[in-house]
2 protein chains.
Amino acid sequence: MELEDRKLRILQAIIQDFISTAEPVGSRTLAKKYNLGISSATIRNEMSDLEELGYLHQPHTSAGRIPSDKAYRLYVDRLMAEPLQQNQKLVQKHKKIIQEEFLQRVGELEEAISYTARLLSKMTKLISVTLSPQFKQSKLKYLQLIPIDSNSILLVIVSESGVAKNTILRTTETHSLESLQMVSNLLNHKLKGLCIADITKERIRGIKDEIKTFSSLIEMVSPALLSILEDMLSVNLYLEGITNIFNLPEYHDIEKAKEFIGFLDQREQITDLLVHSKDGVDVTIGKENSFENMQDCSLVTATYQLNGCVVGKIGIIGPTRMDYANIVSIADYVTKILTDLLRKYNDK
Amino acid sequence: MELEDRKLRILQAIIQDFISTAEPVGSRTLAKKYNLGISSATIRNEMSDLEELGYLHQPHTSAGRIPSDKAYRLYVDRLMAEPLQQNQKLVQKHKKIIQEEFLQRVGELEEAISYTARLLSKMTKLISVTLSPQFKQSKLKYLQLIPIDSNSILLVIVSESGVAKNTILRTTETHSLESLQMVSNLLNHKLKGLCIADITKERIRGIKDEIKTFSSLIEMVSPALLSILEDMLSVNLYLEGITNIFNLPEYHDIEKAKEFIGFLDQREQITDLLVHSKDGVDVTIGKENSFENMQDCSLVTATYQLNGCVVGKIGIIGPTRMDYANIVSIADYVTKILTDLLRKYNDK
DNA sequence: TGTTAGCACTCTCGGCCATTGAGTGCTAAT
DNA sequence: ATTAGCACTCAATGGCCGAGAGTGCTAACA
């Protein structure tokens with residue numbers, strides 16, 4: 001059954017009102033606050049219909065109505081565009097803020113991702129999550145062993161995605177510059193251009209067995225090398241703004257807040273949520289979430305890319321009555337900026 | 001006026017009881033729970049005296065008594081040792097946990113400090129803070145420019161404190177291995193052994209002006225070099241366990257919790273608190289704190305060292321009724337382990 | 001003289017009840 | 001089809017009361 005236009009307008013007003021007040025909205029308030037051109041009694045009848053259709057529900061008989069997940073879904077899919085158009089000015093302002101914040105923060109890529117989480121939580125006043133890029137396909141570009149003093153060696157590794165990592169190895173015996181250079185060359189020759197994920201313990205052992213002369217040196221370097229590579233592949237999760245929930249009336253109950261925070265502390269579940277979301281901007285509303293602890297919440301995710309491939313995600317978590325129009329537009333714009341940033345890191 | 005022994009014993013019992021229950025303690029409870037060998041009526045008289053002396057106060061006439069800051073101060077200075085002796089077993093257990101946790105986490109130094117914060121908040125169930133070491137005196141040990149491809153150069157810097165950092169420079173023109181090597185040698189020659197703090201923009205400009213041949217290359221490297229050095233000197237603050245306060249009855253009032261969290265979010269103030277604390281283990285109780293928002297709280301700080309110099313601090317923040325004996329012993333032991341760890345990083 | 005039992009008094013806390021007010025659904029009039 | 005009017009519902013608020021925990025004081029006791 002298709003909802004007639006008036007019902008849609010009423011539903012939209014209810015949703016918008018509830019998003020900003022968090023209070024069940026009644027027919028009188030609605031008639032007064034929004035110029036719908038109909039009386040509260042008519043609104044009451046329509047609301048009754050909307051409730052029957054599953055878009056609204058009442059916490060108790062003598063209270064106003066609250067939008068259901070189904071209503072939010074409709075809002076996100078069809079009704080949201082309109083207020084977004086009206087708020088074009090606000091959207092522009094947000095875009096400007098985001099742009100300026102990113103300009104000021106050039107630094108490292110990882111830092112940018114961690115900062116993005118903070119920026120998101122600041123702008124949305126909600127909980128934000130960012131995943132640092134995973135360069136699954138990234139290849140090893142360069143590797144070097146450098147003697148630092150009689151018992152420390154610096155190991156540097158650079159990937160094609162432009163990430164450089166280093167570590168200092170402590171040794172008991174002294175190694176000559178020449179032997180370190182030879183091993184560097186050797187490893188470079190054998191490993192350069194390989195996908196980082198394909199450089200395994202076994203492969204290095206293979207090299208070691210092949211080249212008897214330096215086998216002990218290679219053996220010593222191996223664990224540090226593997227650990228750096230693993231570090232390069234690993235994805236970091238940045239979670240910010242947890243304390244924002246205390247400004248939300250839905251978490252005025254301290255027990256509820258505690259439980260939710262406990263849930264958020266389990267990083268794996270959050271990662272799961274992000275990984276399972278669709279590409280582009282995706283909105284998951286209330287019970288659409290698989291985790292029980294998230295079923296009062298909505299999650300807006302968005303993806304950023306490199307060379308057309310999704311390499312990372314961001315997410316915003318808030319109550320189901322979050323300001324979808326606003327959040328979606330922020331998420332969309334932030335990922336666009338991140339995609340840009342990534343391209344710049346790689347192009348230059 | 002010197003407190004007689006019986007008063008001290010009663011005060012000690014009150015403090016210990018209040019630390020574990022967070023409820024005002026009454027004379028009857030005290031007489032029943034602790035074998036003081038005197039009746040509740042006698043205890044009442046003594047409590048009355050203790051109140052007059054400023055060690056106790058009542059939230060209202062018909063409630064039990066609560067220790068004052070003055071009482072906690074006395075407890076920390078004189079009374080705390082005894083329960084600590086009795087709980088030797090628990091202390092040993094904690095030491096074992098700490099030791100094992102640290103053994104499993106070798107990794108980077110910075111990671112160890114960040115992990116320490118998590119460990120502390122986990123063990124104390126309170127808020128913990130750690131400052132990463134500041135090697136003010138640390139000297140530059142090694143510097144190297146390595147060509148990666150036609151338009152990227154890897155810059156690696158190692159400090160004598162054993163920290164290595166790198167960054168990738170993007171260039172428009174291609175530089176030969178030889179010229180990069182020469183500039184590396186040159187910079188090494190000029191800068192090696194200098195305190196990192198003394199390597200300024202001006203000094204590098206001086207070098208640039210001196211060596212005309214490579215002045216453009218040096219100019220290009222300069223900002224990245226300075227930014228890495230700055231990064232090496234900067235101190236990171238790790239704050240963990242904020243959400244632990246929701247398990248404390250004193251923060252069951254959501255407004256109070258919100259306010260306190262807001263205070264903790266201002267990192268500079270926390271840094272201030274740590275910086276102003278004394279060396280070794282230091283306890284600051286309630287109103288002894290300069291920040292108003294901390295005056296319901298106590299802060300236990302401890303310092304870790306390198307070569308006998310204090311290079312970093314840790315802190316634990318909790319309500320004034322925190323378990324001082326336990327917290328102090330944990331703080332003390334953790335900093336001992338950190339000092340050990342630092343020595344190992346440097347010695348090896 | 002120090003200790004203790006007994007008792008009257010104080011004050012918070014939790015439950016109970018009536019009142020208030022926002023909001024609904026229904027009916028009848030427009 | 002819309003709306004004004006009205007009876008009804010129910011959460012929230014505030015006042016009231018009794019229970020319980022704790023105190024201070026007094027008088028008796030060792």
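Everything quoted here is computed from the prediction, not taken from an experiment. In the text below, chain A, chain B and the rest are named by the order of the sequence lines, each starting its count at 1.
B/Lys256 has no carboxylate O lying under 4.0 Å from a charged side-chain N of B/Glu250, or vice versa, which leaves the two without a salt bridge.
When rounded to the nearest whole Å, the span between NE2 of A/His60 and P of C/dA22 equals 13 Å. Following rounding to the nearest Å, B/Lys7 (NZ) and C/dT3 (C1') show an atom-to-atom distance of 14 Å. If you take CD of B/Glu23 and C1' of C/dC13, they are 12 Å apart, rounded to a whole angstrom. Distance B/Ile38 CD1 to C/dT4 C1': 11 Å, rounded to the nearest Å. C/dT4 atom P lies 11 Å from atom CG of B/Leu36, rounded to whole Å. Following rounding to the nearest Å, A/Lys33 (NZ) and C/dA22 (P) show an atom-to-atom distance of 14 Å. Remark: C1' of D/dT3 and CZ of A/Arg6 are 12 Å apart, rounded to the nearest angstrom.
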Handout entry: Where protein sits on nucleotides 23-30 of chain C, one letter per nucleotide: B base, S sugar-phosphate only, - none, heavy atoms under 4.0 Å
Key = SBB-----
Exercise for the section: Test A/Tyr251 against A/Phe246 for ring-ring contact (aromatic ring centres under 6.0 Å, His included), laying out the working first. Expected result: CA-CA 6 Å; A/Tyr251 291 97; A/Phe246 298 113; 8.3 Å; no
Practice task
Might you work through the side-chain hydrogen bond (donor to acceptor under 3.5 Å, both in side chains) test for A/Ser128 and A/Tyr238, ending with a clear yes or no?
Solution key: CA-CA 8 Å; A/Ser128 75; A/Tyr238 300 93; over 6 Å; no
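Taking side-chain N and O atoms only, B/Thr42 has a distance below 4.0 Å to OP1 or OP2 of C/dT4.
Residues B/Leu239 and B/Leu264 have side chains in contact (heavy-atom distance under 4.5 Å, counting atoms from C-beta outward).
Looking at B/Ser277 and B/Thr301, their side chains do bring a donor and an acceptor atom within 3.5 Å of each other. Using modelled atom types and a 3.5 Å distance limit, the side chains of B/Thr29 and B/Tyr34 yield no donor-acceptor pair.
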